[in-house]
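Data first, discussion second: the structure below is written as structure tokens.
What you are looking at is a predicted structure, and each value in this text was computed from that prediction instead of being measured.
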Amino acid sequence: MNSFTDELNRRLTALREQGLHRELRRVNSAQGPRIEIGGQTHLNFSSNDYLGLANHPSLKTAAVKAVEKYGAGAGASRLICGSLAPFHELEETLAAFKKTEAALTFATGYAAALGTLTALVGKGDVVILDKLVHASIVDAAKLSGAKLRIFDHNDLNDLEDKLKWADQFSKAESAKRKAEILVVTESIFSMDGDAAPLREIVALKNKYDAWLMVDEAHATGIFGKNGRGLADELGVSSQIEIQMGTLGKALGASGGYICGSRALIDFLVNRARSFIFSTAPVPAAAAAATAGIQLLQTETGDQLRSKVWNLANLLEHSVQACGWNISAPDSLIMPMIIGDESETLYLSKQLREQNIFVPAIRFPTVARGAARLRITLTAAHSAADVSELVAALARLKSETSHLESP
Ligand SMILES: *Cc1c(COP(=O)(O)O)cnc(C)c1O
């Protein structure tokens, strides 16, 4: 027992020495533009609640009603004890929203990735991932047992090289059975905020007869008509076999989803182990997500989107004006790449002392030496909130101008 604790303490010390140690910060308020940490109100620029729906009255009312009618818990896996109506309402709403034949929801986006990839491909198949895809997809690809190939971030030439290799591999294996080739990317990348060239990726996967899965975790709710996503905005959603996303970001609730053909969804109900062997989420989460998707498609949804985009433009220009490198907003994720882990932690701490919460994103969320402050905006912020952040960053800039990498 003692040597176990000693070993873990050694590992924790190593993490601290590398600036990689993480800890939970207790928040005594709802998520929103202001959160209470340690008795202090902080301006919050850390959440993925892009439209401010997590604490929206419509979603809260829907959740409360679902608790009153369906109770607090779901009882078992949906295949075991029956599948509560709020999940079906959510999936019908999602499929109509994404204009697909069907949808399936999971407890989290992570579980959606894990269950879906491992159901669709296995030993003898090939999975090709963008280098910067989310950990849930990397873990799923590894667990699937398929051959794994990584292409350089958003690099179409490198993707084509990997597809050519997979095509050869597929033919060599063809005596046994046809190897499937699955390409997985994100539409908006979670830690860089840049967009994938989805039209070109669709053309390539068609050329090599591969399948395509696109994770729209950071695009759903924000891009496309009514917030249907970037694939919709680019007019390619009908050519993407597997459309994935989360209900926990712009949709303000919790859970993960897959949208696609009826056959895909029926197959996942039968084969996605993270769906089959896991208790259904609480019905309140499903009801809140349904309310979130409905709200996206109203005039209020349009107003929230246009508000948050205006704030993003304001923030980008003001932060650049005070001398920081901040990525242009392809999205609402605005990383300030610092590089060194400890320096990034230091900057985040300095901001927190001014009651502003911007997280230091470090390895393993991003590569070593690519640490960053990741600023995210929500429609619940005001222009005054943005000005307050900019003023704090300007003060920090003058104090720490030696730190920033070019
Ligand atoms: C957050 C995220 C997920 C996981 O979704 P959860 O619902 O939080 O489990 C998957 N993919 C990407 C790109 C994400 O950013």
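Under the side chain to side chain contact (heavy atoms under 4.5 Å, CB included) criterion, N28 pairs with R26, E36, not counting sequence neighbours. Scanning for ring pair (Phe, Tyr, Trp, His ring centres under 6.0 Å) contacts around Y257 gives an empty result, with sequence neighbours left out. For the side chain to side chain contact (heavy atoms under 4.5 Å, CB included) test, residues two or more places apart in sequence or in another chain that qualify with K207 are E160. Scanning for side chain to side chain donor-acceptor pair (under 3.5 Å) contacts around E7 gives R10, R11, with sequence neighbours left out. Partners of K123 by salt bridge (charged side-chain N to carboxylate O under 4.0 Å, His left out), not counting sequence neighbours: none found.
Between S261 and E101, the side chains place no donor N or O within less than 3.5 Å of an acceptor N or O (distance only, hydrogens not considered). Inspection of the Q18 and R368 side chains reveals an N or O donor paired with an N or O acceptor under 3.5 Å. Residues S83 and H88 have side chains that bring a donor and an acceptor to within less than 3.5 angstrom of each other. A donor-acceptor contact under 3.5 angstrom links the side chains of S187 and E216, judged on distance only. Looking only at atom types and distance, the side chain of D385 has a donor-acceptor partner in the side chain of S382 under 3.5 Å away. For the residue pair R22/T365, the side-chain donor-acceptor check at 3.5 Å is satisfied.
Panel note: side chain H381, backbone N44; a donor-acceptor pair is recorded below 3.5 Å.
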Stepwise salt bridge (charged side-chain N to carboxylate O under 4.0 Å, His left out) test for K98 and E91: CA-CA 10 Å; K98 288 273 183 179; E91 286 159 358; over 6 Å; no
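Among pairs with a residue in residues 96-155, those fulfilling ring-ring contact (aromatic ring centres under 6.0 Å, His included) read F106-F275, H153-F189, at least two apart in sequence or across chains.
Atoms OG and CG, on S136 and D215 in that order, are 6.0 Å from each other to the nearest 0.5 Å.
Both tests hold for K397 against W324: distance to the six-membered ring centre under 6.0 Å, angle to the ring axis within 45°.
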